[in-house]
Amino acid sequence: MNVIPRDQHCISRQNISDSALKVMSRLRKEGFQAYLVGGAVRDLLLGERPKDFDIATDATPEDVRELFRNSRIIGRRFRIVHVRFGREIIEVTTFRGHHDNDAAGASDSNGSKQSNKGLLLRDNVFGTLEEDAVRRDLTVNALYYDAGNFEVFDHVGGTRDLENRLVRIIGDPEQRYTEDPVRMLRVLRFAAKLDFSIEAETARGIGLCAHLLLEIPAARLFDEFIKLFMGGCAEATLDKLLEHDLLRYLFPETCAEMDVDELALPLIRAAMRSTDLRIGQDKPVTPAFILAALLWPVARAQADQLEERGDAPIAAMHSAAQLTISEAAQHLSIPRRFSQPMREIWEYQLRLTNRRGRKAAELVEQRRFRAAYDFLLLREEAGEYTGDLGAWWTTFQELPMEQRLKEAGGGGRSGRSKPRRRRAKPEA
Ligand code: ATP
Ligand code: MG
């Protein structure tokens, strides 16, 4: 174990949340070990401000629960304790240990369980700091900071990889991805977020194990989807997912559509860029918007098909939205609070083609107008031809209601225009 003394690293207690310091000092006072671990140590060593503060300890979840009134045990697959201080939550995790029985299909009395494909279904076997370190995902995420004597503990070469800006999975990549395929997504997420390279074996394993992502429940994939795209580095993450061909485990229909619709990727990219920008400016963002972009090419293609079969445009889009959402839900369980606004953004794309009458004048006042209008601009930015619709709404929405009514009410305008939407990919 490599111990880095206080004068050889840049972590200062000043940059650690008071609540985290409190939790650690309380645990130490009770005779337990307690370390800051994971993303917080990594980000502090990189000179950045951590998003949250995770703590690792040899106290069991029950021990921790008893020490802090403001705490509760959560999780089943992986039991941890949340200690709450106002809006801040400090996550306290008991050191994980080795499993007695590593055979596939095994379930030992100690609290670990594996599926017959080797997937770790439960990991509640407790152990030492050294054992805990090797069970973490990446070397740069397995550094421990002791706020009592200011030392950093490195058991897996994490500090060296930090210096070399390398994302490296701990242990044998294939085995670690088999235990938990989500680690592949985490590798890409951190490579994008930190702008690190991916170590060769770590990357090679992804190619070999990617299919295991099919085993991951749709609810967990949705949680991971949020972390991938709502962390401020969506565009860089998208590139990594495409480069390592993992996007298709999250959005298979979208990936198929990308092969035939040349506007699909530019639209998705534009949505990611705009989300990243907004997060950077501390503006509110919603997964509904990114989802709308990711699934629009699929919904649009389906609506086109239905229209060709004779459905009216609004009805076609309505059915297409339903179909697209239920197909996507096979892989990613999108909560209704996101799928509903996403659907509305799509359906508004049709309403926005109508520049005439009271309806157009009133549309501007609707709750979903802003998101739908932003989405229209993204489609144009991505190269879709809409007949200057975006510019028209930009001016129109600024007018007072009375003038909007006058403007939209009279004839002369082109009314609903059916824009030329899709261009086939040029022959190679
Ligand atoms: P972030 O900045 O996104 O919070 P983080 O590194 O803290 O990054 P978390 O998802 O909060 O990431 O996880 C905390 C720590 O738990 C990680 O640093 C890692 O050590 C460990 N960990 C999380 N998920 C896994 C996993 N699937 N397999 C192994 N270890 C994991
Ligand atoms: Mg964290």
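No hydrogens, no waters, no symmetry mates; every other heavy atom, side chains included, goes into these values. Just follow the structure's listing: the first ligand is 1, and inside any ligand the first atom is 1.
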Pull out every atom of ligand 1 sitting under 4.0 Å from any heavy atom of [X], numbered as shown with elements.
X    : value
K227 : 10 (O)
D52  : 4 (O)
D54  : 7 (O), 11 (O), 14 (C)
G38  : 18 (O)
D180 : 26 (C), 27 (N)
R183 : 26 (C), 27 (N), 28 (N), 29 (C)
K193 : 2 (O)

Verdict with supporting geometry, E347 and I314, side-chain contact (heavy atoms from CB on, under 4.5 Å) = CA-CA 7 Å; E347 292 182 355; I314 299 248; over 6 Å; no
I would like to know whether D223 and I226 meet side-chain contact (heavy atoms from CB on, under 4.5 Å); could you show each step before the answer?
-> CA-CA 5 Å; D223 291 345; I226 295 288; 5.8 Å; no
Report the part of R189 (side chain from C-beta onward, or backbone N, CA, C, O) that has a heavy atom under 4.0 Å from ligand 1; answer both or neither where that applies.
->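 The part of R189 near ligand 1 is the side chain, not the backbone.
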Region of N141 engaging ligand 1 - heavy atom pairs below 4.0 Å =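 It is both parts that get close, each with some atom under 4.0 Å.
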What atom name does the N, O or S atom of D52 nearest to the Mg ion (ligand 2) carry?
->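 Considering only N, O and S atoms, D52 comes nearest to the Mg ion (ligand 2) through OD1.
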Among all the protein's non-hydrogen atoms, which is closest to [atom], and how far away is it?
atom                    : value
atom 1 (P) of ligand 1  : K51 NZ, 3.2 Å
atom 6 (O) of ligand 1  : R42 NH1, 3.0 Å
atom 30 (N) of ligand 1 : D137 N, 3.1 Å

What about the rings of F251 and F225, do their centers lie closer together than 6.0 Å?
->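 For F251 and F225, the ring centres are under 6.0 Å apart.
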Report yes if G39 has an N/O atom closer than 3.5 Å to an N/O atom of ligand 1; otherwise report no.
->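 Among all N and O atoms of G39, at least one is under 3.5 Å from an N or O of ligand 1.
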Regarding R370 and the six-membered ring of Y373, is the cationic atom NZ or CZ under 6.0 Å from the ring centre and inside 45° of its axis?
->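 No cation-pi geometry.
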Examine R96 relative to F78 and say whether NZ or CZ is less than 6.0 Å from the centre of the six-membered ring and inside a 45° cone about the ring axis.
->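 Ring-cation test returns yes.
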Would you please determine whether E91 falls within less than 4.0 Å of ligand 1 on a heavy-atom basis?
->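 E91: no contact with ligand 1 (<4.0 Å).
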For ligand 1, is V182 a contact, meaning one of its heavy atoms is under 4.0 Å away?
->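 Under 4.0 Å: no for V182.
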R220, R136, R186: member with heavy atom nearest to atom 22 (N) of ligand 1 =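 Among R220, R136, R186, the closest heavy atom to atom 22 (N) of ligand 1 comes from R186.
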Can you name the one residue among E253, E384, E307 that meets salt bridge (Lys or Arg N to Asp or Glu O under 4.0 Å) with R300?
->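 That would be E307; it is the only one of E253, E384, E307 passing the salt bridge (Lys or Arg N to Asp or Glu O under 4.0 Å) with R300.
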Is it the case that Y144 and D154 place a side-chain donor and acceptor less than 3.5 Å from each other?
->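 No, because no side-chain N or O of Y144 sits under 3.5 Å from a partner of the opposite role on D154.
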Hey, are Q322 and R343 close enough side-chain-wise for a donor-acceptor pair under 3.5 Å?
->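 Distance-only check passes for R343 and Q322.
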What orientation do F369 and W393 show, parallel under 30°, tilted 30 to 60°, or perpendicular over 60°?
->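 Taking W393 first and then F369, their aromatic rings sit tilted (interplane angle of 30° to 60°).
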Give a yes/no answer: is there an N/O/S atom of E91 under 2.8 Å from the Mg ion (ligand 2)?
->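 It does not; every qualifying atom lies at 2.8 Å or beyond.
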Decide if atom CD of E66 counts as having more than 12 heavy atoms of other residues, nucleotides or ligands within a radius under 6.0 Å.
->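 Counting neighbours around CD of E66, 12 or fewer heavy atoms of other residues, nucleotides or ligands fall under 6.0 Å, so no.
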Does CZ in R165 sit with more than 12 non-hydrogen atoms of other residues, nucleotides or ligands closer than 6.0 Å?
->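 More than 12 heavy atoms, drawn from other residues, nucleotides or ligands, come within 6.0 Å of this atom.
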